[in-house]
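Order of listing sets the numbers, starting from 1, for every ligand and every atom in it. Keep in mind that this is a model prediction, so the values were computed, not measured. Computed over heavy atoms, backbone and side chain alike; hydrogens, waters and symmetry mates excluded.
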Amino acid sequence: MNYLDLDLDLTEEDIELKSATHRFAKEVMRPIAKELDEMTPEQVIAKDSPFWTFMKKAYELGYHTILIPEPYGGMDLTPKQQAIIYEELAWGSVGLAVALGVASFPSFGASLVAEEVLIEKIIEPFCACKDASIIGCWGITEPDHGSDTLLPFHPIFSDPNIKAQCRAKLDGDEYIISGQKSAWVSCGTISTHCALFCQMDQSMGMAGGAIFAMPLDLPGVSKGAPLNKIGQRDLNQGEIFFDNVRVPKDYLIVGPEAYEAILDITLSATTALMGIFAAGIARAALDETLEYAKNRVQGGKKLIDYPNVQQKLFHMFSKVETTRLIARAAFIYNQNTSTPAEEYSNVAKVYGTQSAFDVCNDAIQIFGGNGLTKEYLIEKLFRDSRAMLIEDGSNDTLAIGGGHKLIHTYPRLD
Ligand SMILES: Cc1cc2nc3c(=O)[nH]c(=O)nc-3n(C[C@H](O)[C@H](O)[C@H](O)COP(=O)(O)OP(=O)(O)OC[C@H]3O[C@@H](n4cnc5c(N)ncnc54)[C@H](O)[C@@H]3O)c2cc1C
């Protein structure tokens with residue numbers, strides 16, 4: 001791989017990690033993602049599906065523990081290395097990269113508080129798992145609550161009139177959880193564990209939430225059907241229902257007293273991560289387009305020789321590079337602080353995913369009619385990137401959240 005990275009401080013280890021992950025993305029993820037894209041949601045998760053081949057190989061290589069600190073069995077990566085690896089995985093397939101990312105979510109959430117019992121019951125078994133038999137998910141959105149679950153410190157978040165559909169209440173040494181999470185929970189129908197975000201103190205509105213890192217084999221948990229959608233078809237999604245589920249206190253990560261602060265820290269990482277995924281998929285589209293334009297002859301010339309094609313490619317390249325710069329910077333900054341600047345993560349996600357979608361759209365234009373066919377990867381990248389404008393927070397509302405924070409916290413020199 002001959003790939004320029006503007007970061008002059010990349011170490012030999014960083015570059016080796018990038019090359020190794022790129023090989024995995026190219027040789028394992030790309031062909032499997034293509035197969036899965038053409039299957040029904042039920043076939044994607046069937047026992048003999050290539051989805052499991054991917055997951056098992058990824059777990060064997062430790063890619064499920066990218067976000068987990070080394071003392072608990074994680075990969076021992078710097079935030080920059082995490083960003084580098086996730087970009088490559090998203091280059092392979094953004095849907096599969098998301099599946100791997102959310103698989104670690106209960107453990108990632110638990111690592112933020114690092115209680116002994118959570119380390120022992122949740123994090124260590126997950127890190128030690130090599131066969132993808134432990135899969136996590138992130139259940140935050142609900143049928144009636146999408147965007148409003150992702151706006152910590154916005155006035156809407158403290159409105160006591162807004163009642164969540166999934167709630168927990170204390171009963172002795174256990175919490176009783178009832179309600180449901182949306183059909184959008186990634187890995188929702190195949191997960192064994194959930195980082196569950198639910199409401200505990202209704203008088204505080206959404207801010208009165210709690211986060212559990214809990215197993216899903218408890219009585220009263222059930223799952224919906226896998227969701228059928230236009231993009232990221234290799235990513236399983238579906239509802240989770242909780243019918244008076246009794247969860248031991250040990251699985252609580254945080255209650256209403258610090259929910260908003262921990263959510264802010266969590267979102268500052270996951271939102272920036274979406275920007276990193278955007279850099280990966282946008283680069284994939286640029287790579288495909290460069291290759292195509294160098295070979296396609298039209299009007300007696302190669303497409304690459306037309307100035308308007310060169311110009312379009314330049315703008316696509318600009319979007320890939322600027323997305324990586326802001327997303328990597330926001331991710332690294334926010335991984336290194338307990339007072340995150342979430343607005344930068346929102347820029348990374350909103351700017352990055354819009355750029356990725358624009359790059360995929362421009363790519364189709366350069367491919368001409370061929371870009372619309374199933375013969376070329378570009379139509380899949382277009383569909384996958386479209387989903388990213390909504391995934392992990394609609395860009396419209398993330399801009400509202402980011403704008404609100406900007407108005408109230410942006411530092412001024414004078
Ligand atoms: C591929 C994918 C993966 C996902 N993975 C997960 C997951 O793992 N776990 C999980 O819990 N969820 C997941 N989601 C759900 C995702 O977070 C939500 O879809 C997203 O937050 C938007 O919520 P919604 O779909 O309910 O849209 P809504 O909240 O209904 O918003 C729809 C539109 O209404 C407008 N709008 C909404 N609220 C406001 C407001 N306050 N002010 C102004 N305009 C507003 C905006 O234009 C917005 O785009 C995923 C979604 C996708 C597409």
For [atom], the protein heavy atom that lies nearest, with its residue and separation:
atom: atom 10 (C) of ligand 1; answer: Thr141 OG1, 3.2 Å
atom: atom 41 (N) of ligand 1; answer: Ile156 CD1, 4.0 Å
atom: atom 49 (O) of ligand 1; answer: Ser394 OG, 2.6 Å
atom: atom 39 (C) of ligand 1; answer: Thr397 CG2, 3.3 Å
atom: atom 15 (C) of ligand 1; answer: Trp184 CB, 3.4 Å
atom: atom 8 (O) of ligand 1; answer: Ser186 N, 3.0 Å
atom: atom 24 (P) of ligand 1; answer: Gly146 CA, 4.0 Å

Atom indices of ligand 1, in the order listed, that fall short of 4.0 Å to a heavy atom of Ile400: 42 (N), 43 (C)
Numbered atoms of ligand 1 (with element) below 4.0 Å of Trp138, judged on heavy atoms: 7 (C), 8 (O), 9 (N), 10 (C), 11 (O)
Is the shortest distance from [atom] to a protein heavy atom below 4.0 Å?
atom: atom 34 (O) of ligand 1; answer: no
atom: atom 52 (C) of ligand 1; answer: yes
atom: atom 3 (C) of ligand 1; answer: yes
atom: atom 46 (C) of ligand 1; answer: yes

Among Ile390, Val94, Val98, which one puts a heavy atom closest to atom 19 (O) of ligand 1? Ile390
Closest to atom 31 (O) of ligand 1 by heavy-atom distance, out of Gly231, Ser147, Cys137, is Ser147
Hey, does Gln237 sit under 4.0 Å from ligand 1 if you only count heavy atoms? yes
Shortest non-hydrogen contact from [X] to [Y]?
X: Ile122; Y: Ala213; value: CD1-O, 3.4 Å
X: Ala195; Y: Pro106; value: N-CG, 3.6 Å
X: Asp234; Y: Ser93; value: OD2-OG, 2.5 Å
X: Met200; Y: Tyr175; value: CE-CE2, 3.4 Å

Scan for ring-ring contact (aromatic ring centres under 6.0 Å, His included) pairs involving residues 343-364, sequence neighbours excluded, and state none if there are none. Phe357-Phe382
Trace of the side chain to side chain contact (heavy atoms under 4.5 Å, CB included) decision for Glu391 with Leu235: CA-CA 12 Å; Glu391 189 166 16; Leu235 172 66; 4.2 Å; yes
For the 3.5 Å polar cut-off, considering only N or O atoms, please tell me whether Lys229 and ligand 1 meet it. no
Just distances here: any N/O of Leu151 and N/O of ligand 1 closer than 3.5 Å? no
Between Asp384 and Gln232, does any side-chain donor sit less than 3.5 Å from a side-chain acceptor? no
Using side chain to side chain contact (heavy atoms under 4.5 Å, CB included) as the criterion, list what pairs up with Pro71, not counting sequence neighbours. Pro69
Asp264 and Lys405: CA distance, side-chain angles, deciding distance, salt bridge (Lys or Arg N to Asp or Glu O under 4.0 Å) verdict: CA-CA 11 Å; Asp264 200 37; Lys405 196 147 185 201; 3.4 Å; yes
Please confirm whether Lys121 makes a cation-pi placement over Tyr251, using NZ or CZ under 6.0 Å from the six-membered ring centre and within 45° of the ring normal. yes
Quick check on salt bridge (charged side-chain N to carboxylate O under 4.0 Å, His left out): which of Lys380, Arg383, Arg30 does Asp37 satisfy it with? Arg383
Could you check whether Phe126 and His64 have their ring centres less than 6.0 Å apart? yes
Using a heavy-atom cut-off of under 4.0 Å, does the side chain or the backbone of Asp148 touch ligand 1, or both, or neither? neither
